[in-house]
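Take a look at the structure set out below.
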Amino acid sequence: MKIFTFKSGPPLTPFAPQWDYSLGYENISNLIDCPKIANLILSKEKFIIRKFPVMKRGSIDGYTALGPNSLTSRYWYYNLIDWPEIEIKTLRSTIVEFHQKFLKKLNIKIFNTISIRGWANVMRKGEKIQPHLHNVKPDAYLSGHVTIQCEDTATFYINPVNQLNEPEVKKIKNVPGQIALFPSCVPHYTDTHSAATERITIAFDISLKM
Ligand SMILES: [Fe+2]
């Protein structure tokens, strides 16, 4: 697992900002079946879009700007992580294991009682995900992505404290089968997907059962 940390230097004044946000990422393509998961998502995409209305909570598409016809704009209505297919069950247990490994690496007490909500993003030529974040409320925990299918794109993570004039940004190249975990308050975006095949990712939020 690779870890990247946005970390402030020791504060020299009582008002100097402090931050410490770690991202973890690793290739898990040997553990999950990306081609089968890609087919599964594409086979359900139209059905999900037809079945559920455009969201009316805050933003229609989670501030990604993928628009009202995107699968992303239905993310609130279903939990991909609960799909019954064996490939998704394996994906779920792989996420759980990666989460435990991530906490161990950061010397954080392991929480066993988590729940995971996931959805799929299918992007076509010319599309990109605009900067957005998942949770800044007191229960904010971790979010993640698993790249299922991609060609020459990257995800960019912004330091939550330093995101205006000269933002501190960490670029992580998208690789099929790569999982990334990051604090839910870290804003992120992608560059433009330019390939003819779909760019497919699974995004998820982990929350602690309190
Ligand atoms: Fe996101």
Side-chain angles (χ1 to χ4, degrees), residues 1-4 21-45 48 61-62 64 66 70-106 114-124 127-129 132-135 141-157 170-184 186-191 193 195 197-207:
M1 176 186 320
K2 286 186 183 150
I3 299 274
F4 171 81
Y21 299 102
S22 289
L23 329 174
Y25 53 106
E26 185 170 61
N27 196 312
I28 52 163
S29 57
N30 56 328
L31 302 173
I32 57 167
D33 191 334
C34 285
K36 273 201 179 154
I37 296 175
N39 285 338
L40 185 65
I41 291 169
L42 290 174
S43 72
K44 295 191 185 201
E45 182 188 12
I48 293 170
D61 53 16
T64 58
L66 290 176
S70 65
L71 185 55
T72 304
S73 70
R74 308 301 197 274
Y75 84 90
W76 188 247
Y77 295 106
Y78 69 101
N79 186 0
L80 182 145
I81 302 298
D82 286 343
W83 285 359
E85 293 81 3
I86 184 72
E87 294 79 23
I88 300 299
K89 287 193 191 305
T90 306
L91 172 73
R92 189 189 192 285
S93 57
T94 307
I95 291 173
V96 169
E97 271 165 38
F98 185 75
H99 165 253
Q100 289 174 348
K101 212 165 127 183
F102 180 63
L103 294 190
K104 223 177 237 171
K105 196 119 192 175
L106 299 179
I114 57 167
S115 57
I116 312 175
R117 273 206 80 252
W119 60 94
N121 304 302
V122 177
M123 288 156 63
R124 299 195 162 75
E127 291 185 315
K128 63 189 286 187
I129 289 178
H132 67 281
L133 48 75
H134 292 202
N135 194 359
Y141 187 59
L142 292 168
S143 297
H145 305 128
V146 179
T147 304
I148 301 299
Q149 179 175 296
C150 68
E151 237 177 280
D152 200 25
T153 59
T155 303
F156 299 79
Y157 299 88
K170 170 66 177 172
K171 173 182 178 178
I172 299 180
K173 208 175 146 20
N174 298 136
V175 178
Q178 184 164 275
I179 185 170
L181 264 190
F182 54 92
S184 300
V186 171
H188 50 278
Y189 60 96
T190 72
D191 50 12
H193 172 60
T197 49
E198 297 87 357
R199 177 187 183 276
I200 304 172
T201 59
I202 292 169
F204 56 89
D205 289 327
I206 304 180
S207 48

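Scope of the values below: all heavy atoms of this structure, side chains included, with no hydrogens, waters or symmetry mates. We number each residue from 1, following the sequence as shown.
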Closest non-hydrogen atom pair between L142 and H99, with its separation: CD1-CD2, 3.8 Å
Candidates L181, N79, L80 - the one meeting side chain to side chain contact (heavy atoms under 4.5 Å, CB included) with F204: L181
Partner set under side-chain contact (heavy atoms from CB on, under 4.5 Å) for T147, not counting sequence neighbours: C150, N174, T201
Results of side chain to side chain donor-acceptor pair (under 3.5 Å) for Y189 - residues two or more places apart only: none
K128 versus L66, closest heavy-atom pair with distance: O-CD2, 3.5 Å
Heavy-atom closest contact (S43 atom, L40 atom, distance): OG-O, 2.7 Å
Backbone of A120 reached by a side-chain donor or acceptor of E45 within 3.5 Å: no
Plane angle bin for H134 and W119 - parallel if under 30°, tilted between 30 and 60°, otherwise perpendicular: tilted
D191 versus T153, side-chain donor and acceptor atoms under 3.5 Å: no
side-chain contact (heavy atoms from CB on, under 4.5 Å) partners of S93, counting only residues at least two apart: none
Residue pair I148 / C34: nearest heavy atoms and the distance that separates them: CG2-O, 3.3 Å
Short side-chain donor-acceptor distance under 3.5 Å, T72 and D61: no
Aromatic plane relationship, H132 with H188 - under 30° parallel, 30 to 60° tilted, over 60° perpendicular: perpendicular
